There are 2 protein chains.
Amino acid sequence: MIKRRATISQVASEAGVARSTVSRAFTRPDRLSPETVERVLAVADRLGYQPNPVAQALSTGQSKNIGLIVPDVANPFFPPLIRAAQRKAEDFGYCVFLGDSDEKPEREDQLVDRFTHQVAGLILVSSRLAEAQIREHARRRPLVLINQDVPEMLRVLINSGAGVTQAVAHLAELGHRHICYVSGPTTSWANRQRRAAVKLAAKQHGVTVSAVSAHKSTHEIGRASAQAVLGTGASAALAFDDLLAQGLLAGLRDAGVSVPSEFSVIGCDDVLGATTYPPLTTVSNRCIEVAEIAVTLLMDALGSRGSTDVRHVLDTHLVIRETTAAPGRPVPAKAARRKGGAAGNEQP
Amino acid sequence: MIKRRATISQVASEAGVARSTVSRAFTRPDRLSPETVERVLAVADRLGYQPNPVAQALSTGQSKNIGLIVPDVANPFFPPLIRAAQRKAEDFGYCVFLGDSDEKPEREDQLVDRFTHQVAGLILVSSRLAEAQIREHARRRPLVLINQDVPEMLRVLINSGAGVTQAVAHLAELGHRHICYVSGPTTSWANRQRRAAVKLAAKQHGVTVSAVSAHKSTHEIGRASAQAVLGTGASAALAFDDLLAQGLLAGLRDAGVSVPSEFSVIGCDDVLGATTYPPLTTVSNRCIEVAEIAVTLLMDALGSRGSTDVRHVLDTHLVIRETTAAPGRPVPAKAARRKGGAAGNEQP
DNA sequence: TTCTGCGAGGCAACCGGTTGCACGACAATC
DNA sequence: GATTGTCGTGCAACCGGTTGCCTCGCAGAA
């Protein structure tokens, strides 16, 4: 039932040459006479022969695969990145293994272990692993980090700090004196970076900053955090990412607080584009470039010209849409009453 | 610099046994004396030995990998499915190759070719390939289709027709007499299925149906289609998927048409949950189950107890949220004027 | 004519596992 | 005590490539 591909031996005997000659026809045609190459390739073509990558991997110790591990495939930040990485890898003739760590270091560790044997190198996105573990893994295979800053490794970072700084400045200019940061997963490097940027920029503009903590980034959690956000007395919020921001938008709507006239909201990562209502002011993202750079860096590392300490930083900027405005009348903390009907049937 | 894993030979010599004995200690411990097994495993453990999957794949002709190909990783329908598939595969000890075909049959074909040698089996999601090609690929490797109905193959289908039928009934009950179907990619099996279900159900309820065609499913295209949708004179629209529906919502807002009081909108796939504004009435999706079933089916096919003709259908239902209501005053076609400011700065 | 150099291509080992078969030891059977 | 069977293990071939080294033949130089 299952059809098997032609092997190198079949091509060899068909072409009347040794297996090594067939191999060389593909890998080092310059070491063979042009006629031989042509004849071998013709036979190979006729037989539909393609070198078996598994055998190649075993014999060379190098496969044409890379591993890509993300904390949560379903978080909208990652799919475009995954897609771009896969594309770029394909350009180099590589296939990609995808792993979802579910934000759990142990699972991430396991995935890396599983992949290690089968891949030439790895890309870890927003890794939740400790530095020591990352270094350990990097001893086995070339490894590139995205959004995780471990010294003396290959890493490419989105400096959302730049955009966040602009965001705070924007709010300050509009007249906001007290803002709230809705923080994301504490293990996330991006979260630490954004939080720090908010604090610093707020200080520079003489703006007070409160913080509300969302352990995970989902619409629901963002929505639920609206109460706490309003409770801080701030007139604007900057969320760790767009998902939380969008949830917050819904939560504020529930509370009868209108955006942006009464309260301003800024997201991060521009993952939802202008699809929210109102269209969300946010910090741009560079996830496609980041993925492409990471793949390229990894390919370099696989070749000879690999550097060992690269810190590639991509800047971001504020994208102003329609969720920010000058602070309106202050929202009394008790405006945090539910308004309007239920949110509709959730699916079972 | 790069550390290599222990091999079977090292374990063998360290344990004072033949390589075959080490191999058997892992694969068929029942053929060995318990003491030998224990000793070998102890040594293996001490050396950190793990069988090299590449060598295993070469020697057995079976790898513990599967390939998963989707038309567009970034379309929100797929990430949860991808994630679920990866999880489930991991439960069986399998790793997954991910491919993005960009909706292009040629690319999909290429990806399958690339994967074939390295995987035990394949899962094609919403394949854009022609039947003949799919059959050809299936001759090489066990193959499971998701949302593509090719006779005599392993396939698991989401019957969104069921939910769509409910949706049309729902609109009819509310009093709508003329609805519009915003169709998706013509190559999509799901689109054909939904379109047919809309037509049939509309006929049964004596409802007129117009169609507007969106070649691809994105927010922007949905938004742009609002004009055409209003132009049909319908009082409600059913979109191929949530993305188009959400875009349509934005387009209607642009046109000053309020949802649901003036116009009703229903999506499909429940991919956005209650995150839209207003929360979108839609047809439920089963993408997680579908992924798990597909993986399980594939695993069965890899084992001996593989069936060759399975058609697993999962039903769906209507999820009523807040974008449907009884038809209000009819919307004059020329109400299709732009209203309100620009959508804000798009990122560059 | 003999020697040297070089290019083309074959031989065989190797990558790290798996597996059919054979062999030796020991127990059970006649 | 010889025969048969069973169990545990080793030997060696094999999966399908790659690659270092050797040989062979031919051209050019001495």
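What you are looking at is a predicted structure, and each value in this text was computed from that prediction instead of being measured. Order of the sequence lines sets the chain letters (A, B, ...), proteins ahead of strands, with each chain counted from 1.
For dG17(C), its base never sits under 3.5 Å from the side chain of R24(B) at any donor and acceptor pair. Residue R31(B) places no side-chain atom within donor-acceptor reach of the base of dG8(D), judged by atom type and a 3.5 Å distance cut-off alone. The base of dC11(C) sits with one of its N or O atoms less than 3.5 Å from a complementary donor or acceptor on the side chain of S20(A).
With dA8(C), dT18(D), dG17(C) as the choices, the nucleotide that has an atom nearest any side-chain atom of I8(A) turns out to be dT18(D). Across dT9(D), dT19(C), dG16(C), the shortest atom-to-atom separation from the side chain of T60(B) is found for dT19(C).
The distance from atom CD of Q50(B) to atom P of dG17(C) is 11 Å, rounded to the nearest whole Å. Separating the CZ atom of R19(A) from the P atom of dC14(D) is a distance of 11 Å, rounded to the nearest angstrom. Atom P of nucleotide dG16(D) and atom CZ of R5(A) are separated by 13 Å, given to the nearest angstrom. Atom CZ of R39(B) is separated from atom P of dG8(D) by 14 Å (rounded to the nearest Å). Rounding to whole angstrom units, CG of residue L32(B) and P of dT9(D) are separated by 5 Å. The separation between R28(A) atom CZ and dG7(C) atom C1' is 14 Å, rounded to whole Å. Atom pair L58(A):CG and dG17(D):P shows a separation of 12 Å (rounding to whole Å applied). To the nearest angstrom, P of dG16(C) lies 15 Å from CZ of F26(B).
Dashed line: the shortest gap from a side-chain N or O of Y49(B) to OP1 or OP2 of dG16(C) is not under 4.0 Å. In this structure, S9(A) does not reach the dG17(D) phosphate: none of its side-chain N or O atoms is under 4.0 Å from OP1 or OP2. Under 4.0 angstrom from either OP1 or OP2 of dT18(C) there lies at least one side-chain N or O belonging to S23(B). OP1 or OP2 of dT18(C) has not a single side-chain nitrogen or oxygen of T27(B) nearer than 4.0 Å. Of the side-chain N and O atoms in Q56(A), none sit less than 4.0 angstrom from OP1 or OP2 of dG16(D). Contact annotation: T21(B) side-chain N/O to dG10(D) OP1/OP2 distance is under 4.0 Å.
Results of the side-chain hydrogen bond (donor to acceptor under 3.5 Å, both in side chains) test with R128(A) over E108(A), E106(A), E103(A) single out E103(A) as the only residue that passes.
Across all strands, V17(B) comes closer than 4.0 Å only to sugar-phosphate atoms, never to a base (heavy-atom distances). When heavy atoms are screened at a 4.0 angstrom cut-off, T7(A) is found touching the sugar-phosphate backbone but no base atom.
Around CZ of R46(B), the count of heavy atoms belonging to other residues, nucleotides or ligands within 6.0 Å exceeds 12. For I288(A), the CD1 atom counts as loosely surrounded, since its 6.0 Å shell holds 12 or fewer non-hydrogen atoms of other residues, nucleotides or ligands.
Each of A55(B) and P34(B) has a nearest nucleotide on DNA chain D; the 5'-most of these lies closest to P34(B).
Using a 4.5 Å heavy-atom cutoff, the side chains of R107(B) and R87(A) are in contact.
Remark: E35(A) does not engage R39(A) in a salt bridge, criterion side-chain N to carboxylate O under 4.0 Å.
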Exercise. Dump the intermediate steps for side chain to side chain contact (heavy atoms under 4.5 Å, CB included) on M153(A) and R135(A), then the final yes or no.
Key: CA-CA 8 Å; M153(A) 302 216 46; R135(A) 289 189 190 284; 4.1 Å; yes
